Amino acid sequence: MEVIVGDFGIVVVPRDGADTEKIMNHSSILRKFKDNITVVKDEISHPMSIVSSTKSRLALQHGDGHVVDYLNQPVIDYILKSQLYINTSG
């Protein structure tokens, strides 16, 4: 995380109600590289703010074709190849 945030920076699209300042202040790495973090603040709810990695993996697991509406193909391929959607508990 330090290399990504420190060397490249990140753009954050917070979910509704997320306190990004509190989250960033909670992490020493995020505090250290706060100038490399751009938080997109939009008065209108951004469609990407509802994307959830858990929901995306579940959608792929259950064959939901709508997952392609908000994930690009390389991400889908990676999830499938790495079998990130498989429930390890059984």
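Residue numbers start at 1 and run along the sequence shown. Every heavy atom of this structure was used, including side-chain atoms; hydrogens, water molecules and symmetry mates were not. All figures in this text were calculated on a predicted structure; none of them were measured in a lab.
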### Task
Identify which one of Ile76, Asp77, Val75 satisfies the side-chain contact (heavy atoms from CB on, under 4.5 Å) criterion when paired with Ile79.
Val75
### Message
Return the CZ to CG distance between Phe33 and Asp7, rounded to the nearest 0.5 Å.
### Response
7.5 Å
### Query
Quick one: does Ile37's side chain get under 4.5 Å of Val12's, heavy atoms only?
yes
### Query
Would one find more than 12 heavy atoms of other residues, nucleotides or ligands at under 6.0 Å from atom CG of Leu80?
yes
### Query
Heavy atoms, side chains only, cut-off 4.5 Å: are Glu2 and Lys32 in contact?
yes
### Task
Can you establish whether the number of heavy atoms outside His62 located under 6.0 Å from its atom NE2 is more than 12?
yes
### Message
Looking at every heavy atom in both Ile23 and Leu30, which two are closest together, and how far apart are they?
### Response
O-CD1, 4.2 Å
### Message
Hydrophobic clustering (ILVMFWY, side-chain heavy atoms < 4.5 Å, transitive) - are Met1 and Ile10 grouped together?
### Response
yes
### Query
Hey, does Val40 have a side-chain heavy atom less than 4.5 Å from the side chain of Val11?
yes
### Query
Does the side chain of Glu21 come within less than 4.5 Å of Lys34's, by heavy atoms?
yes
